[in-house]
Amino acid sequence: MTKKILLATEKAFAKPAVDGITKVFADAKYELIKLENYTEHADFVTAIKTVDGVIIRSDKANSDVINAAENLKIIVRAGAGFDNIDLEACTAKEITAMNTPGQNSNAVAELALGMMVYLARNGYNGKSGTELRGKKVGIHAYGNVGYYVAQIAKGFGMEVYAFDPFVPAEKMEKDGIKKVEDVKELYKTCEYISLHLPKTKDTVNSINYDLLSLMPEGACLINTARKEVVCEDSLMKIFNERKDFRFGTDVAGDKDEEMKQFAPRYFATPKKMGAQTEEANINAGVAAANQIVNFFEKGDITFKVNK
Ligand code: 3PG
């Protein structure tokens, strides 16, 4: 029997990406059902009921979604972070959960550097700003996005440092950047810090006053990761204490409205858009579609993230 696949994207992919996904499933003779730009979580719960596979982005695949699925065998998060999927619920129902690591990383990295320029130039308000050349940038968690941030930052003439206990110094040296062994050292050393941590129970609120207060004069924090990793009370305290502190985020927190008083030292994209480029949509979306076909046709479980 032909497989039924759902594309559930609250924030829709660009058309060429949807065309690419459509082609992969048409070639495999699978049926594709699209639920794009939906506004009610209940619509996702209803749509997942009868499908065999699903592609999502940051869509919340919590237990009510997973438990509503009667035939689901695979869920693929077209992107990196899978903190939006209830992995335990998937495992309990023997559903394979995957991500598509690396596919949208360059898009996120370009936005991180774009926000650095925006903040260095005072939100383009015409007043004299500063340059990135010669400044030190610290990458907090050196994965796929961190790698691209490092490469682009080097193009700007920045000195690049990274903290990541899971990545060996040799790899960082090969990439032309310096490994910092102690996270506090990273914050002490770098005017610019770019966050690329996943959201886990250990990272929530981990970017706190103790770390931020170590940053040198002209401090600029960029968050294109998850809002929960930054402690908002700490941010508020720092903004009030230091007139030089700047913060740019693609994942605005709950205090976004209040933070706007600090503009142009504060900037938040109106909607999370780090991965929102045609190229990233095509890369991640088509990779997700191929992973689903390879899973059903070949039993391929590369990129499985649950037990
Ligand atoms: C990711 O984890 O891949 C990014 O945060 C992008 O998320 P998005 O697909 O919802 O834009």
Side-chain angles (χ1 to χ4, degrees), residues 6-18 20-21 34-39 41 43-44 53-62 65 75-87 90 97-115 139-149 152 164 194-201 203-204 206-207 221-230 248-253 256 268-292 302-306:
L6 175 68
L7 174 66
T9 48
E10 211 175 348
K11 182 174 61 186
F13 281 134
K15 188 175 179 303
V18 180
I21 293 166
K34 294 177 205 154
L35 178 71
E36 297 177 280
N37 298 313
Y38 66 94
T39 52
H41 180 70
D43 292 343
F44 184 19
V54 59
I55 297 176
I56 57 166
R57 297 185 65 179
S58 289
D59 305 74
K60 280 187 186 41
N62 46 15
V65 171
I75 177 164
V76 182
R77 194 282 192 239
F82 44 85
D83 47 287
N84 52 324
I85 305 178
D86 188 327
L87 294 183
C90 289
M98 291 185 185
N99 65 349
T100 66
Q103 300 291 349
N104 58 17
S105 309
N106 183 65
V108 180
E110 286 189 11
L111 186 75
L113 268 293
M115 290 204 287
I139 298 171
H140 192 157
Y142 191 67
N144 290 308
V145 183
Y147 168 79
Y148 283 110
V149 168
I152 304 168
D164 194 323
S194 196
L195 302 176
H196 303 293
L197 303 140
K199 181 188 152 195
T200 67
K201 61 177 181 3
T203 63
V204 169
S206 64
I207 312 305
L221 177 73
I222 302 291
N223 188 7
T224 54
R226 293 290 181 269
K227 66 175 183 180
E228 294 87 353
V229 301
V230 178
T249 181
D250 187 35
V251 280
D256 178 47
T269 54
K271 209 172 187 182
K272 183 178 168 209
M273 53 165 288
Q276 201 58 325
T277 65
E278 234 174 66
E279 293 89 337
N281 289 175
I282 294 168
N283 292 343
V286 173
N290 281 320
Q291 285 172 216
I292 289 181
T302 314
F303 306 122
K304 183 173 178 183
V305 292
N306 63 327

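Atom set for the values below is all heavy atoms of this structure, side chains included, hydrogens, waters and symmetry mates excluded. Just follow the structure's listing: the first ligand is 1, and inside any ligand the first atom is 1. On a predicted model such as this, the values are computed, not experimentally measured, just so you know.
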Partner residues of Lys15 under the salt bridge (Lys or Arg N to Asp or Glu O under 4.0 Å) criterion, sequence neighbours left out:
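Result, salt bridge (Lys or Arg N to Asp or Glu O under 4.0 Å) vs Lys15: Asp19.
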
Atom-level proximity to ligand 1, residues with heavy atom under 4.0 Å
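Answer by chain and number: Lys11, Arg57, Ser58, Arg77, Gly79, Ala80, Gly81, Asn104, Arg226, Lys272, Ala275.
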
State whether the side chain of Asn99 and the backbone N or O of Arg77 hold a donor-acceptor pair below 3.5 Å, judged by distance alone.
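Not at all, since once roles are kept as given, no pair shorter than 3.5 Å links the two residues.
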
Thr269 and Asp250 side chains, donor-acceptor separation under 3.5 Å:
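Distance-only check passes for Asp250 and Thr269.
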
Using ring-ring contact (aromatic ring centres under 6.0 Å, His included) as the criterion, list what pairs up with His140, not counting sequence neighbours.
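ring-ring contact (aromatic ring centres under 6.0 Å, His included) list for His140, sorted by chain: Phe163, Tyr187.
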
Not counting sequence neighbours, which residues clear ring-ring contact (aromatic ring centres under 6.0 Å, His included) with Tyr38? List them please.
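Result, ring-ring contact (aromatic ring centres under 6.0 Å, His included) vs Tyr38: Phe44.
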
Atom of Cys90, atom of Ile85 and distance for their closest heavy-atom approach:
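Nearest pair, atom of Cys90 first, then Ile85: SG-CG2, 3.8 Å.
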
